[in-house]
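A short worksheet on the structure shown next.
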Amino acid sequence: MSDLDPVHEAVERLEWAEAKQEETPAKNLRALTRRTALTGGAAGIVATMLAACGGSSGGGGSKATATAQAAQEGGGGVFAQTSKLKFVLVNHVTTNPFFVPTKYGAEDACKLLGCSYQWTGSENANVNEMVNAMNTAITGGANGIGVCLVDKKAFNAPTDAALKAKIPVVAYNADEESNNRLCYIGQDLFVSGQQMGERIKDLVGSGDVALFIATPGSSNIQPRIDGAQDTIKKSGKGVTAHVINTGAALPAELSVIDSYATGHPETKGYFAVDAGSTQGLAQTIQKHSLRDKGVKGGGYDLTPITQKLLASDQIDFTIDQQPYLQGFIPILQLFMYQASGGLSGIADTNTGLKFLDKTTVVPYNNTKSRYEGTSSEAGVQK
């Protein structure tokens with residue numbers, strides 16, 4: 001008895017039962033889908049059905065189970081990959097809440113494709129720690145590496161070493177074009193800064209504004225502040241920007257911003273180019289009731305605190321760059337590169353520039369989602 005006989009029999013019974021029904025597009029589509037599953041167009045579906053049937057008589061059960069198990073490895077049986085691939089994502093602030101959805105994205109991609117990943121790097125943007133983590137991934141035989149290129153030169157040698165060892169490397173969240181990485185997955189950082197600069201000059205008009213940055217010179221946020229300053233300088237509207245270093249740790253960022261507000265009461269706007277500083281300036285504006293004095297504010301990314309304070313009109317905007325995709329897509333691309341033997345999978349991906357205000361942020365506050373890091377559950381909970 002063939003392993004597929006139980007499936008054929010089940011399909012034939014369903015089609016016999018439907019024979020008396022009126023011909024409709026939906027009916028025809030169901031029949032086509034069933035037959036497609038049996039012709040190899042969806043091997044994963046067949047394996048699932050075999051597993052559900054418990055295999056065939058005559059000792060076929062173990063073979064059916066093996067088929068189903070094989071289908072669950074290496075992309076659900078769709079790709080010609082039988083061994084589980086292991087990828088490494090090297091990050092500059094591994095415990096920062098911004099990257100919670102990034103990790104969920106990587107986890108979900110691995111579950112979908114039957115692979116695994118390691119989250120490593122530095123907690124406080126220590127480039128040497130990141131380089132060491134990348135070198136460890138290379139010597140450990142990783143099947144692919146995703147790295148935040150937060151330094152102009154530090155990652156060039158490890159990237160070249162990985163590529164020489166046939167290990168694909170992609171950049172995510174932060175990019176450096178001098179690096180030989182295969183592609184970049186993330187926001188167009190300089191352009192996003194220019195767009196923020198446009199918002200700043202329209203909101204403030206003229207006067208002093210503070211631009212907060214966690215780690216000056218870091219390739220993931222320096223281009224944003226450069227873009228903002230470029231727009232402000234070209235506007236000729238009399239806006240004067242002052243750049244303030246806040247540090248990579250959230251408590252320190254809040255402390256620096258709060259002290260700045262106390263010492264610079266003439267400041268008309270508080271803006272930031274990273275998640276921690278954006279949250280900190282929103283908290284500071286609320287603490288000192290600066291909105292009552294007409295102070296404007298805005299920045300980047302979505303933490304639960306930033307979302308709530310934006311909804312309550314403590315700041316004017318924040319910019320979403322879809323961090324979930326910055327974890328999901330690197331894993332997907334690295335897997336595709338390996339599954340295709342280097343023929344497919346690698347592509348620059350712009351994860352977006354989405355301004356949110358007190359109205360458009362409401363859905364983010366009204367739902368719990370892995371996609372924004374507010375839930376560990378699959379799907380979206382109202």
Side-chain angles (χ1 to χ4, degrees), residues 69-70 72-76 79-96 99-176 178-186 218-220 323 325-347 349:
Q69 182 178 355
Q72 292 174 359
E73 298 178 355
F79 303 102
Q81 181 65 50
T82 55
S83 61
K84 286 194 174 183
L85 299 173
K86 297 180 180 180
F87 303 114
V88 175
L89 295 184
V90 180
N91 192 268
H92 54 294
V93 281
T94 53
T95 58
N96 192 293
F99 286 107
V100 170
T102 305
K103 290 189 283 186
Y104 284 150
E107 289 175 13
D108 291 349
C110 286
K111 289 177 183 177
L112 178 68
L113 298 168
C115 55
S116 63
Y117 89 104
Q118 178 188 7
W119 182 258
T120 185
S122 173
E123 290 186 8
N124 54 3
N126 185 311
V127 173
N128 289 332
E129 291 179 359
M130 295 178 67
V131 169
N132 289 338
M134 194 169 176
N135 286 330
T136 299
I138 296 169
T139 57
N143 297 116
I145 299 171
V147 57
C148 298
L149 296 177
V150 295
D151 187 272
K152 291 186 177 298
K153 297 180 179 180
F155 301 99
N156 289 352
T159 296
D160 291 342
L163 295 176
K164 184 178 181 180
K166 308 299 183 184
I167 301 172
V169 178
V170 301
Y172 73 99
N173 184 257
D175 191 31
E176 180 51 59
S178 65
N179 188 279
N180 289 323
R181 87 291 184 271
L182 300 179
C183 70
Y184 169 60
I185 299 111
S218 181
S219 297
N220 65 316
L325 293 183
Q326 294 179 18
F328 188 92
I329 294 178
I331 297 297
L332 178 62
Q333 291 197 7
L334 291 169
F335 181 93
M336 283 294 300
Y337 182 90
Q338 293 289 9
S340 69
L343 299 177
S344 183
I346 301 300
T349 305

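Values in this document were obtained by computation on a predicted structure and should not be read as measured data. All residue numbers in this chain count up from 1 along the given sequence.
Closest approach of Ala154 to Val131, counting heavy atoms only: O-CG2, 3.7 Å. Here the shortest heavy-atom pairing between Leu325 and Pro330 reads O-CD, 3.5 Å. Contact between Asp175 and Ser219 at its shortest, heavy atoms only, is O-CB, 3.7 Å. Closest approach of Gln333 to Ala347, counting heavy atoms only: NE2-O, 2.8 Å. Taking every heavy atom of both residues into account, Tyr172 and Thr102 meet most closely at CE1-CG2, 4.4 Å. When all heavy atoms of Asn173 and Tyr184 are compared, the closest pair comes out as O-OH, 3.3 Å.
Summarising the geometry, atom CG belonging to Asn124 is positioned 8.5 Å from atom OG1 belonging to Thr94; distances are rounded to the nearest 0.5 Å. Here CG of Leu149 is found 7.5 Å from CE of Met130. Values are rounded to the nearest 0.5 Å. For the atom pair Phe328 CZ and Ile185 CD1, the distance stands at 12.0 Å (nearest 0.5 Å). Taken to the nearest 0.5 Å, the CG atom of Asn132 stands 9.5 Å off from the OG1 atom of Thr120. Taking CG of Leu182 as the start and CG of Leu163 as the end, the distance is 5.5 Å to the nearest 0.5 Å. Taking CD1 of Ile145 as the start and CD1 of Ile138 as the end, the distance is 4.5 Å to the nearest 0.5 Å.
Counting heavy atoms from C-beta outward, Glu176 and Phe155 have side chains that stay 4.5 Å or more apart. Here the side chains of Lys84 and Ser116 are not in contact, with every heavy-atom distance at 4.5 Å or above. Proximity of Cys115 to Ile331: side-chain heavy atoms (C-beta onward) are separated by under 4.5 Å at one or more points.
Among pairs with a residue in residues 135-162, those fulfilling side chain to side chain donor-acceptor pair (under 3.5 Å) read Asn156-Asn179, Thr159-Asn179, Asp160-Asn180, at least two apart in sequence or across chains.
In this structure, Phe99 and His92 have perpendicular ring planes: the angle between them is above 60°, well past the 30° mark.
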Kindly indicate, with the supporting measurements, whether the criterion side-chain contact (heavy atoms from CB on, under 4.5 Å) is fulfilled by Lys103 and Asn91.
-> CA-CA 11 Å; Lys103 290 189 283 186; Asn91 192 268; over 6 Å; no
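Taking Glu129 as the reference, Ser122 meet the side-chain hydrogen bond (donor to acceptor under 3.5 Å, both in side chains) condition, with sequence neighbours excluded.
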